[in-house]
Q: 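The structure's right below; bear with me while I get my questions together.
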Number of protein chains: 2
Amino acid sequence: MALRHAVPATLLDGEYSGYQPAKTFDVVVANFWHAPPQQLYAELTELEKEGLVAGRQVVQETRPDKRLFHVTDSGRAELKEFTAAVSKPSFIRDDLLVKVQVADRLGTAPVIEQLEERASAAEAKIELLGKLLRQLRGDADEEEFLRRGERIGSYLTCLRGLAFEQGHRDWCLRIATVLRERRTTHAER
Amino acid sequence: MALRHAVPATLLDGEYSGYQPAKTFDVVVANFWHAPPQQLYAELTELEKEGLVAGRQVVQETRPDKRLFHVTDSGRAELKEFTAAVSKPSFIRDDLLVKVQVADRLGTAPVIEQLEERASAAEAKIELLGKLLRQLRGDADEEEFLRRGERIGSYLTCLRGLAFEQGHRDWCLRIATVLRERRTTHAER
DNA sequence: AGAGTCATGTAAGCTGTTACATGATTCG
DNA sequence: CGAATCATGTAACAGCTTACATGACTCT
């Protein structure tokens, strides 16, 4: 289970509705996660049924009413258990890798194009994460913040996200160059 | 669909049974993918039904008979289509990130332990991939191989796997250090 | 004799994605 | 006035994981 724990983990930092995190889930909560609202509503409903989170109705005049959720004691306990349990190593699972794998056989042109698109998407995310990190650490420099900051969880996971995007960008650009240069020397197909 | 294309991609390099790749799927085919044999059998059966791959029975004396699969023309065509279609960006989805996110609230000890375990697992994989890369490029150096080599698909995906594992290791070690050093200054809980 | 490997599958279940649906309010 | 945003859900489906099952051969 993944969202099952990712959602309460988010909620530790405060109350959220189902809608809020859905918008920012890519970046703020989990610079690493992504989930459409539907999934969050479903998960929150399930978690509430099990008593791991609790919601309270907030009436809004101009906007539709919403429900803000927080983690219950029982939810905290389960999160703590989850934290202690071992989990399996992660791995990349990316269609683009499959495409690169077969590019020299089935045609490089569309793959090169996608590699370059990915690289600029990664670049954009790198900048976004850079800003977010600066914002999170405020005036302090990184070392300082990590030593004395109160809540560093988000910062640490952002760092992973940043490194991932940088690695992704670098690889995309490298591979695009390699494939491009081969086009002059290797016949396609 | 992911395995749906990853499997034929593998099969482009030669014939395989369901069993063979299952063992090496972590490393050889897709230094990035991982799938248990059950899934491969299921996928191969499905792909065969749709005519994208074809199998031939190989009788073995000492071992149980097996079926070797290869990609059909129709399978190649679909792969090529897949290669041209755009796919969504990838992201990390790792329980460990969730744990790090909440570590400063719910207890750092078990998380530090897991970070260090992960780091050494990543280290092991880095060495494995290094060996594989050396083996794939033979006598040539990397630049040379990437320019003139016949089939570089696996090499390129391995490079991504390698960079990913290095990033993973570095992050794990860094975060473990950060959390460890905070333990002397921050009370837990 | 028992453990491990080669070889193949079925069946159930968990997670996550996508499409569909609703309805008020705000912004240009 | 139309598009976007806030806000919440249902239903169907696709994909992956896990448990279970079988059976022969090889190595210690």
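These numbers come from a predicted model, not from an experiment. Throughout, protein chains are lettered first and strands after them, A, B, ... in sequence-line order, and every chain is numbered starting at 1.
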Q: Applying side chain to side chain donor-acceptor pair (under 3.5 Å), which residue pairs with at least one partner in residues 129-138 of chain B are found, sequence neighbours left out?
A: B:Arg137-B:Tyr155
Q: Could you state the atom-to-atom distance from CG of B:Leu47 to P of C:dG9 in whole Å?
A: 13 Å
Q: Mind calculating the distance between CD (B:Glu46) and P (C:dT10) to the nearest angstrom?
A: 12 Å
Q: If you assign each of B:Ala42 and A:Gln39 to its closest nucleotide in DNA chain C, which residue comes earlier from the 5' end?
A: B:Ala42
Q: Expressed in angstrom and rounded to an integer, what is the separation of B:Glu48 atom CD from C:dT8 atom P?
A: 12 Å
Q: B:Asp65 has an atom CG; how far is it from atom C1' of D:dG23, in whole Å?
A: 13 Å
Q: Residues in salt bridge (charged side-chain N to carboxylate O under 4.0 Å, His left out) with B:Glu127, at least two apart?
A: none
Q: Donor-acceptor pairs under 3.5 Å, side chain of residues 45-53 of chain A to any protein atom, not counting sequence neighbours: which ones?
A:
| unit_1 | atom_1 | unit_2 | atom_2 | d |
| --- | --- | --- | --- | --- |
| A:Thr45 | OG1 | A:Tyr41 | O | 2.7 |
| A:Glu46 | OE1 | A:Lys49 | NZ | 3.4 |
| A:Glu48 | OE1 | A:Arg67 | NH1 | 3.3 |
| A:Glu48 | OE2 | A:Arg67 | NH2 | 2.7 |
| A:Glu50 | OE1 | A:Arg4 | NH1 | 3.3 |
| A:Glu50 | OE1 | A:Arg4 | NH2 | 2.8 |
| A:Glu50 | OE2 | A:Arg4 | NH1 | 3.4 |

Q: When you measure from the side chain of B:Arg67, which nucleotide among D:dC16, C:dT8, C:dG16 comes out closest?
A: C:dT8
Q: Taking only residues two or more places apart in sequence, or in another chain, which ones meet B:Arg148 in a salt bridge (charged side-chain N to carboxylate O under 4.0 Å, His left out)?
A: B:Glu144
Q: Can you measure A:Leu40 atom CG to D:dC6 atom C1' for me and round it to whole angstrom units?
A: 15 Å
Q: Can you tell which of C:dT8, D:dC16, D:dT8 lies closest to the side chain of B:Leu3?
A: D:dC16
Q: Would you tell me if any nitrogen or oxygen in the side chain of A:Lys88 comes within less than 4.0 Å of OP1 or OP2 on D:dC16?
A: no
Q: Let me know the distance between OH of B:Tyr16 and P of C:dA7, rounded to the nearest Å.
A: 14 Å
Q: Can you see whether B:His5 engages B:Glu78 through a side-chain donor-acceptor pair at a distance of less than 3.5 angstrom?
A: yes
Q: Measure from CD on A:Glu43 to P on D:dG9 and round the result to the nearest Å.
A: 14 Å
Q: For nucleotides 24-28 of chain C, list the nitrogen or oxygen atoms of the protein found under 3.5 Å from its nitrogen or oxygen atoms, one pair per line.
A:
| unit_1 | atom_1 | unit_2 | atom_2 | d |
| --- | --- | --- | --- | --- |
| C:dT25 | O3' | A:Thr62 | OG1 | 3.4 |
| C:dT26 | OP1 | A:Thr62 | OG1 | 2.7 |

Q: Taking only residues at least two apart or on different chains, which pairs with a member in residues 102-131 of chain A satisfy ring pair (Phe, Tyr, Trp, His ring centres under 6.0 Å)?
A: none
Q: Who passes salt bridge (charged side-chain N to carboxylate O under 4.0 Å, His left out) against A:Arg147, sequence neighbours left out?
A: none
Q: Would you mind reading off the distance between B:Lys49 atom NZ and C:dT10 atom P, rounded to a whole angstrom?
A: 10 Å
Q: Does B:Arg160 pair with A:Asp94 as a salt bridge, N-O distance under 4.0 Å?
A: no
Q: Does A:Glu113 have any salt bridge (charged side-chain N to carboxylate O under 4.0 Å, His left out) partners at least two apart in sequence or in another chain, and if so, which?
A: none
Q: Could you work out which one of D:dA7, C:dG9, D:dT17 sits closest to the side chain of B:Tyr41?
A: C:dG9
Q: Can you tabulate the close N/O pairs, meaning under 3.5 Å, that link protein atoms to atoms of nucleotides 20-22 of chain C?
A:
| unit_1 | atom_1 | unit_2 | atom_2 | d |
| --- | --- | --- | --- | --- |
| C:dC20 | N4 | A:Gln38 | NE2 | 3.4 |

